[in-house]
Every structure is written in structure tokens, then in C-alpha cells.
There are 2 protein chains.
Amino acid sequence: MRKEKDEPYCAVDFAFQRIGGKYRGRILWYLHLHQVLRYGELKRLLKGITTKMLTQTLRELEQDEMVNRKVYLEVPPKVEYSLTANAKELIPLINELREWADRRIMENPRAGTKMPC
Amino acid sequence: MRKEKDEPYCAVDFAFQRIGGKYRGRILWYLHLHQVLRYGELKRLLKGITTKMLTQTLRELEQDEMVNRKVYLEVPPKVEYSLTANAKELIPLINELREWADRRIMENPRAGTKMPC
DNA sequence: CAGTATCCCTGGAGATACTG
DNA sequence: CAGTATCTCCAGGGATACTG
């Protein structure tokens, strides 16, 4: 049974509930980079994610109108995921967050190297 | 004992680890709105937060160089929190996330009203 | 291929009491 | 005032097996 999120206290809260969580950011970013991805392709990109978490996160993103899910009635099955218009509005922001993070990573002597996405 | 965060997989991950979490976004936003806030003021703004979570989150933000902690050696004690330069770079982005969220909230017939922060 | 269905465990978070 | 210190709980997430 799907748990309801806590009522967000304010818009900042609301935003972070939609993009926060362990995999949401990367899923949105990969869908942006590739335009459209199949379930298995996403699973390969999100190395180590379990099917349970991937399916669950995709379903939540779908309910939040952040991703489209397109099912092809073929054998073997084929399902494609893509960003909705709502989510696309966020891409420039996520990109700037990514650049901010890259700067923090470069500043840090320990890390010293950019992390590819 | 402080648990280490999972190694972020990429910069997008890194960014969300720094601004994600239940209260981080709002703390950064409130510190932006008020410039400087005392512990008790933050606690009042984050209605319902426990001292444990507030202290813990502030310490993490401090370690991540997102907030400054200034202690006044007075009785009664006085501690002031403010944003670091690193965190201030994020404010325009958080503000745009907030505006994005406001648009989503207004679109939704159920909600229909902006949420103040 | 794209998922379900279970079982299980941990750590994020709440409640409460106490202190320099 | 600005925190510590404990105890507790539960849901987010992992591992594994199975299926249309």
C-alpha cells in the first residue's frame, strides 16, 4: 500500500519532495540526456539499483507527473520512459546544481576529479 | 557515531546529498530570508522539528560548509547560524525550485493556494 | 524484457528527559 | 538558551526468487 508523503510545509518542501530521494535526481538527469530510455537501460545506468526500487521510483515519478510511461504491446515487452513538460522545466536547474557540485568537488583536494553522470 | 554518506555516484547525486534530506532545503531558505538566525529562532520556524534533528542537520550542514556557526560566550548562551558563500550560490536555484513548485501547486485544483515559507 | 512478490534489516526520525 | 543523551519505531531500501 502506497504511503502518502507528509504534507509539505511549504513550496520549498514540496519541491524537494519531488526531486529528493535516493534516485530521483539521477533518473531525471539520465532521461534528459537520453530523451527516452527503456526500463532495462535505466537499470543499467543506475548501476546497482534493485528492480524494486527502480519500479517504485518510476511509479512515484509517474504519479507526480514527472515521467511518461509508454508501453508497447509486443513480445518481448517494451516500455519507454521520458520526461514530462513539468520535469523538463527542472532540467536547467538540475544542470546548475550539477555544475555547483562539480565546483565543490574540484575545490576539494581529496576528490580532485569530476564525476561523470 | 556519524555515518558516512554513501559515496555519491556522480555530481547530480552529490548535489542532492547536500540539499536533500527532510529539513535542509527549508533551513537554507530561512537562513537566506533572515540572513542570520539563532538556534531557537530556527526551531520556531521549522515548527515541529525536534532538537535532535535540528542540531544534527545543522552540524551536517556545517561539515558540508553550507552554514556558519557563531558562538557568543555569554550567559545565557547565544549561537547564530548563517549561510556560507557556497550555500549562497545555491539560493537562486532554490528560489527557482520554489517558483516551480508554486506553479505546480497552483495548477492543482485540490491545492489551489500558494504555500508560504 | 519488465516487472511482482517476499522477507529482512538498517538508519532516519520522533518522544522524552536532562544539563552547562 | 542551546543543546545531549536515550529509547523507540517504522518505512526506505536491499536481496532473492519468481512470472506473463
Side-chain angles (χ1 to χ4, degrees), chain A residues 1-9 13 16-27 30-31 34 36-64 67-82, chain B residues 1-9 13 16-27 30-31 34 36-64 67-82:
Chain A
M1 194 156 309
R2 169 131 157 76
K3 214 295 243 88
E4 285 314 310
K5 283 190 232 275
D6 289 356
E7 272 301 290
Y9 180 78
D13 239 39
F16 282 112
Q17 287 191 7
R18 267 161 179 62
I19 60 177
K22 190 163 185 183
Y23 300 105
R24 287 183 167 228
R26 278 166 73 199
I27 290 176
Y30 291 142
L31 285 175
H34 298 264
V36 58
L37 285 169
R38 298 180 60 173
Y39 184 92
E41 294 175 321
L42 268 168
K43 187 153 176 6
R44 246 167 280 122
L45 289 167
L46 297 158
K47 196 173 312 227
I49 194 174
T50 57
T51 56
K52 183 190 161 212
M53 280 312 295
L54 179 52
T55 302
Q56 180 181 309
T57 308
L58 285 169
R59 293 288 185 278
E60 292 170 2
L61 287 170
E62 208 189 340
Q63 287 200 8
D64 292 345
V67 307
N68 302 123
R69 177 169 182 270
K70 181 168 185 183
V71 182
Y72 293 85
L73 294 177
E74 304 173 355
V75 177
K78 173 176 170 183
V79 180
E80 288 182 343
Y81 293 91
S82 57
Chain B
M1 192 157 307
R2 167 125 158 77
K3 214 297 241 87
E4 286 312 311
K5 282 188 233 271
D6 288 355
E7 274 301 292
Y9 180 78
D13 239 38
F16 282 112
Q17 287 191 9
R18 269 165 178 58
I19 59 176
K22 190 163 185 183
Y23 299 105
R24 286 182 168 229
R26 277 166 74 198
I27 289 176
Y30 291 143
L31 285 176
H34 298 265
V36 57
L37 285 169
R38 298 179 60 172
Y39 184 90
E41 294 175 322
L42 267 168
K43 186 153 175 9
R44 245 167 282 122
L45 288 168
L46 297 157
K47 197 173 310 227
I49 194 175
T50 59
T51 57
K52 183 193 161 209
M53 280 312 296
L54 179 53
T55 301
Q56 181 181 308
T57 309
L58 286 169
R59 294 286 185 279
E60 292 170 2
L61 286 169
E62 208 188 339
Q63 287 199 11
D64 292 346
V67 307
N68 301 122
R69 178 168 181 271
K70 181 167 185 184
V71 181
Y72 293 87
L73 293 177
E74 303 173 355
V75 178
K78 173 175 170 182
V79 180
E80 287 182 343
Y81 294 90
S82 57

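All values reported here derive from a predicted model rather than from experimental measurement. Lettering follows sequence order; numbering is per chain, from 1.
Between Ile19(B) and Phe16(B), some side-chain heavy-atom pair lies under the 4.5 Å cut-off. A heavy-atom distance below 4.5 Å is not found between the side chains of Tyr81(B) and Ile27(B).
When the side-chain nitrogen and oxygen atoms of Arg59(B) are compared with OP1 and OP2 of dT4(D), one or more of them lie within a distance under 4.0 Å. Listed pair Arg69(B) / dG3(D) meets the phosphate criterion, a side-chain N or O lying under 4.0 Å from OP1 or OP2. Residue Tyr81(B) places at least one side-chain N or O under 4.0 Å from the OP1 or OP2 atom of dG3(D). Taking side-chain N and O atoms only, Arg38(B) has no distance below 4.0 Å to OP1 or OP2 of dC1(D).
Interatomic distance, CD of Gln17(B) versus OH of Tyr9(B), reported as 14.0 Å (0.5 Å rounding). Taking OH of Tyr23(B) as the start and CD of Glu60(B) as the end, the distance is 12.5 Å to the nearest 0.5 Å. Here CG of Leu31(A) is found 7.5 Å from CG of Leu58(A). Values are rounded to the nearest 0.5 Å.
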Check: What does nucleotides 13-20 of chain D look like as a protein-contact string, B for base, S for sugar-phosphate only, - for none, at under 4.0 angstrom between heavy atoms?
Finding: BBB----B
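Among the atoms of the strands shown, none is found under 4.0 Å from any heavy atom of Tyr72(B).
At whole-Å resolution of the value, NZ in Lys78(A) and C1' in dG3(C) are 17 Å apart. Distance, Leu58(A) CG to dG12(D) P: 16 Å, rounded to whole Å. Atoms CG (Leu45(B)) and C1' (dA2(D)) sit 16 Å apart, rounded to a whole Å. The separation between Glu41(A) atom CD and dA2(C) atom P is 8 Å, rounded to whole Å. Atoms CG (Leu73(A)) and C1' (dC1(C)) sit 14 Å apart, rounded to a whole Å. Residue Glu80(B) contributes atom CD, which lies 15 Å from atom P of dC1(D) at whole-angstrom precision. If you measure from atom OH of Tyr39(A) to atom C1' of dT4(C), you get 10 Å, rounded to the nearest angstrom. In this entry the distance linking CG of Leu54(B) with C1' of dA2(D) reads 10 Å, nearest Å.
Where DNA chain C pairs in unbroken runs of 3 or more (Watson-Crick or G-U, both distances under 3.5 Å), the stems are C:1-20 with D:1-20.
Remark: the backbone N or O of Thr57(A) is not paired with any side-chain donor or acceptor of Arg24(A) at under 3.5 angstrom.
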Identify every side-chain donor-acceptor pair in residues 40-52 of chain A under 3.5 Å, counting partners at least two apart or on other chains, and give the distances.
unit_1   : atom_1 : unit_2   : atom_2 : d
Glu41(A) : OE1    : Arg38(A) : N      : 2.7
Lys43(A) : NZ     : Ile49(A) : O      : 3.1
Thr50(A) : OG1    : Met53(A) : N      : 3.3

